[in-house]
Amino acid sequence: MRNQFRLGIDAGGTFTDFILANRDGSVQLFKAPSTPQDGTLAIRAGLAQIADATGRTPADIIANCDLCINGTTVALNALIERTGVKVGLLCTEGHEDSLEIRLGHKEEGHRYDAHYPPAHMLVPRHLRRPIAGRILSDGCEHSPLDERAIHDAIDYFRAEGVEAVAISFVWSVRNPSHEKRAAELVRAALPGVFVCTGNEVFPQIREYTRTSTTVVNAYLSPVMGRYVERIDALFEELGAQQPVRYFQSNGGLAPGNVMRDRAVNAINSGPASAPQAGLSVARPFGIDNVITVDMGGTSFDITLTNAGRTNFSKDVDFLRQRIGVPMIQVETLGAGGGSIAYLDEFGMLQVGPRSAGSKPGPVCYGKGGTEPTVTDANLALGYLPDGALLGGTIRLNRQAALDAIRQKIADPLGISIERAAFGITTLVNLNMVNGIRRVSIERGHDPRDFALIGAGGAAGMHVVRLAEEIGIHTVLIPKVASGLCAFGQILSDVRYDQLTTLPMRLDAEHVDLGQLNRAMADLRQQGLANLRDDGFGDETTSCHYTLEMRYLGQIHECSVELKEHQLDEAGLAALCESFHSLHKTLYSYSEKGSPVELVNLECSVIGHLPRPPQPELQGPANPPAPVPNSLRPMLFSADGDWQSTAVFNGNRLLPGQTVQGPCVIEEDTTNIVVPPGWQATLEPSATYRVTCCA
């Protein structure tokens with residue numbers, strides 16, 4: 001760190017989290033209610049808290065930050081709430097309905113459901129304008145671009161009040177001349193309208209994916225642009241020495257001008273920083289295989305990092321919109337502290353995905369909620385204290401939680417309140433375990449080879465049970481768990497992903513190594529040029545490649561990593577061997593005698609930033625045995641007895657002290673439940689290491 005501070009800001013749906021890292025290694029966590037109508041209000045409120053805690057003005061703090069980083073749900077919320085701008089689409093004549101045809105695809109679980117509603121179209125049919133002119137798959141022009149049709153579409157868009165125009169023509173990835181000319185005409189005629197092309201946003205094959213990704217980008221970019229403009233202006237007013245960096249879905253940082261034009265890269269901006277934080281938490285223990293789980297009030301986010309590399313997703317349906325650009329794979333479930341427990345039409349207990357949110361919130365909040373939630377169950381089981389003050393304003397009411405569980409769950413099922421409460425927590429745990437299996441076992445990873453990182457305000461009460469269920473033996477929960485995504489932001493680097501399509505057989509008879517190496521070099525130079533514009537020198541950059549490969553005749557590809565900048569015959573053979581091995585890992589077989597085909601090529605170029613020092617707690621070499629702050633009755637099994645259980649104040653524990661389960665550790669913004677057969681040690685890195693001792 002060049003300056004005294006580094007600031008990470010994670011603007012979530014309920015709270016905006018602030019992590020302030022000091023050059024001396026200390027880290028402070030602050031929270032302010034989010035203000036979706038104007039994100040600067042929450043940031044000002046958080047900076048006021050930081051000013052009170054440090055005795056310095058917000059302007060002084062910002063002026064002494066070497067980097068201010070913002071992760072935001074603005075793009076995600078606009079997609080969820082359908083509050084993006086009015087978009088017009090220019091597409092190749094005859095392809096106006098590709099967005100609705102969706103390759104004939106229905107999401108998993110609804111393939112044979114005739115009543116499943118169609119996906120919402122971000123561009124209504126009348127705003128999809130066909131343009132004659134055709135590029136062929138070899139890049140040749142089959143018929144010229146119909147500029148008259150473009151002018152007619154521009155007039156129509158102007159009359160309709162279109163705020164953004166997406167342009168996606170067939171085979172533009174082989175020859176973008178038609179798209180470039182169309183964009184030039186639209187920008188000249190509609191100067192206040194946002195314009196993007198498929199070749200700019202997602203220059204890879206698959207016309208539906210490219211068109212959908214471009215439309216999503218056009219739909220969100222003006223919204224993101226207005227947000228960035230307000231945030232940048234605030235930090236300029238406060239005297240920031242560096243431009244604000246925004247967190248991207250690929251796990252890297254980018255300046256505001258990039259995010260204004262590529263809002264599709266910000267959809268997973270918040271949870272995408274969790275893997276970097278998880279790795280940092282695990283590094284002092286020599287662990288680089290981590291599964292990071294973030295449980296808040298509404299959702300449960302899961303990411304997996306294997307050997308220091310995080311799973312990525314491409315060409316996936318996100319909120320029923322196909323998105324092609326690389327994103328850190330985040331498995332999101334409707335499982336949080338506010339998830340509602342109810343009996344379905346068959347009388348079976350269900351939990352989530354409906355949530356009580358923050359308004360009215362769980363029944364125990366006393367804000368008008370009537371349906372029991374996971375938080376109510378945790379309170380009923382004793383994991384949370386009756387009368388605890390939450391967020392400084394909400395006092396938890398255990399009796400209200402018990403009454404709701406009895407009326408809605410226990411009495412209808414003819415079971416005790418305790419059994420019902422334990423059933424709620426067990427069911428939500430099983431839902432979360434299934435999510436962990438999807439990002440691990442279904443991607444060829446054994447979860448027992450990983451440490452589980454607990455993040456989010458609610459995770460501490462569930463994460464050890466998840467580990468127990470799936471066979472993980474080490475759980476790591478940092479003291480900043482409830483703001484872990486903001487913590488991950490201050491540890492991240494600047495990243496640009498450059499994409500291209502390069503169909504090519506990779507057997508000796510057909511491969512063109514010269515063309516492949518030139519394409520790799522071109523992508524690398526594009527990314528390096530972006531980093532130089534950001535002030536990076538070549539000595540602080542690195543890059544790696546991802547090649548999407550398949551057996552000839554297959555439909556879907558496998559993504560194979562490559563670090564070399566040039567391929568010779570030996571390197572090509574090693575690359576193909578890596579593909580065969582990956583294919584066997586993912587699908588249980590390989591066909592080494594079958595020809596392999598390259599489809600797409602990506603180059604990720606990274607500008608490395610100096611990391612703030614790791615937090616380190618100071619304490620005696622031989623700390624005394626920890627003393628509980630109090631005892632509280634708790635229940636740890638459906639058929640067991642209530643146990644008088646130790647409750648420890650996390651602020652009083654010293655590094656090196658170990659507490660035996662069953663017990664609860666109460667931190668300022670989270671509670672950690674250590675069940676029977678487990679123990680928790682506070683490590684000098686400000687992390688609780690929870691291990692099985694049964």
* Asked: Between Asp386 and Asn397, does a side chain to side chain donor-acceptor pair (under 3.5 Å) hold up when you go through it step by step?
  -> CA-CA 6 Å; Asp386 186 23; Asn397 185 331; over 6 Å; no

Taking the side chain as every heavy atom from C-beta outward, state whether [X] and [Y] have any atom pair closer than 4.5 Å.
{"X": "Asn651", "Y": "Glu667", "value": "yes"}
{"X": "Ser313", "Y": "Glu331", "value": "no"}
{"X": "Arg260", "Y": "Tyr227", "value": "no"}
{"X": "Ile665", "Y": "Asn671", "value": "no"}
{"X": "Thr425", "Y": "Leu381", "value": "yes"}
{"X": "Leu396", "Y": "Leu384", "value": "yes"}
{"X": "Phe636", "Y": "Val673", "value": "yes"}
{"X": "Leu253", "Y": "Leu609", "value": "yes"}

For the atom pair [atom1] ([X]) and [atom2] ([Y]), what is the distance rounded to the nearest 0.5 Å?
{"X": "Gln489", "Y": "Asp10", "atom1": "CD", "atom2": "CG", "result": "5.0 Å"}
{"X": "Ile606", "Y": "Asn250", "atom1": "CD1", "atom2": "CG", "result": "8.5 Å"}
{"X": "Leu7", "Y": "Cys68", "atom1": "CG", "atom2": "SG", "result": "5.0 Å"}
{"X": "Phe5", "Y": "Asn22", "atom1": "CZ", "atom2": "CG", "result": "5.0 Å"}
{"X": "Ile436", "Y": "Ile472", "atom1": "CD1", "atom2": "CD1", "result": "6.0 Å"}
{"X": "Leu682", "Y": "Ile672", "atom1": "CG", "atom2": "CD1", "result": "9.0 Å"}

Taking atom types as modelled, is there a side-chain donor on [X] or [Y] under 3.5 Å from an acceptor on the other?
{"X": "Arg354", "Y": "Ser339", "value": "no"}
{"X": "Asn289", "Y": "Asp449", "value": "no"}
{"X": "Asn530", "Y": "Asp534", "value": "no"}
{"X": "Asn306", "Y": "Asn311", "value": "no"}
{"X": "Trp678", "Y": "Gln660", "value": "no"}
{"X": "Arg245", "Y": "Asn70", "value": "no"}
{"X": "Ser542", "Y": "His608", "value": "yes"}
{"X": "Asn378", "Y": "His462", "value": "yes"}
{"X": "Thr40", "Y": "Asp38", "value": "yes"}
{"X": "Asn265", "Y": "Tyr496", "value": "no"}
{"X": "Arg652", "Y": "Gln657", "value": "no"}

* Hey, mind stepping through Lys479 and Glu683 against salt bridge (charged side-chain N to carboxylate O under 4.0 Å, His left out) and telling me if it holds? -> CA-CA 10 Å; Lys479 278 181 166 284; Glu683 300 292 346; over 6 Å; no

* Asked: Do Leu29 and Phe18 pass the side chain to side chain contact (heavy atoms under 4.5 Å, CB included) test, and can you show the C-alpha distance, the side-chain angles, and the key distance before you say yes or no?
  -> CA-CA 6 Å; Leu29 169 64; Phe18 300 79; over 6 Å; no

* Salt-bridge criterion met for Asp493 and Arg495 (N-O under 4.0 Å) ->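 Salt bridge absent between Asp493 and Arg495.
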
* Thinking salt bridges, do Glu229 and Arg226 make one under a 4.0 Å N-O criterion? ->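 Looking at Arg226 together with Glu229, the answer is no, because their closest N to O distance does not fall below 4.0 Å.
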
Of all the heavy-atom pairs spanning [X] and [Y], show the shortest one and how long it is.
{"X": "Ile424", "Y": "Thr373", "value": "CG2-O, 4.4 Å"}
{"X": "Pro623", "Y": "Pro655", "value": "CG-O, 3.7 Å"}
{"X": "Pro447", "Y": "Ile291", "value": "CB-CD1, 4.2 Å"}
{"X": "Ala401", "Y": "Asp376", "value": "CB-OD1, 3.6 Å"}
{"X": "Ser492", "Y": "Gly488", "value": "OG-O, 2.8 Å"}
{"X": "Pro271", "Y": "Asp301", "value": "CB-OD2, 3.8 Å"}

* Asked: Do Tyr383 and Met634 pass the side chain to side chain contact (heavy atoms under 4.5 Å, CB included) test, and can you show the C-alpha distance, the side-chain angles, and the key distance before you say yes or no?
  -> CA-CA 7 Å; Tyr383 305 156; Met634 299 183 198; 4.1 Å; yes

* Asked: Should Asp232 and Tyr246 be marked as a side chain to side chain donor-acceptor pair (under 3.5 Å) after you check the CA-CA gap, both sets of side-chain angles, and the distance that decides it?
  -> CA-CA 10 Å; Asp232 283 354; Tyr246 295 86; 2.8 Å; yes

* Evaluate the criterion side chain to side chain contact (heavy atoms under 4.5 Å, CB included) for residue pair Ser249 and Ile328; output intermediate values, then yes/no. => CA-CA 6 Å; Ser249 302; Ile328 284 179; over 6 Å; no

* To do: Walk me through it: do Val281 and Thr292 pass the test side chain to side chain contact (heavy atoms under 4.5 Å, CB included)?
  => CA-CA 10 Å; Val281 168; Thr292 305; over 6 Å; no

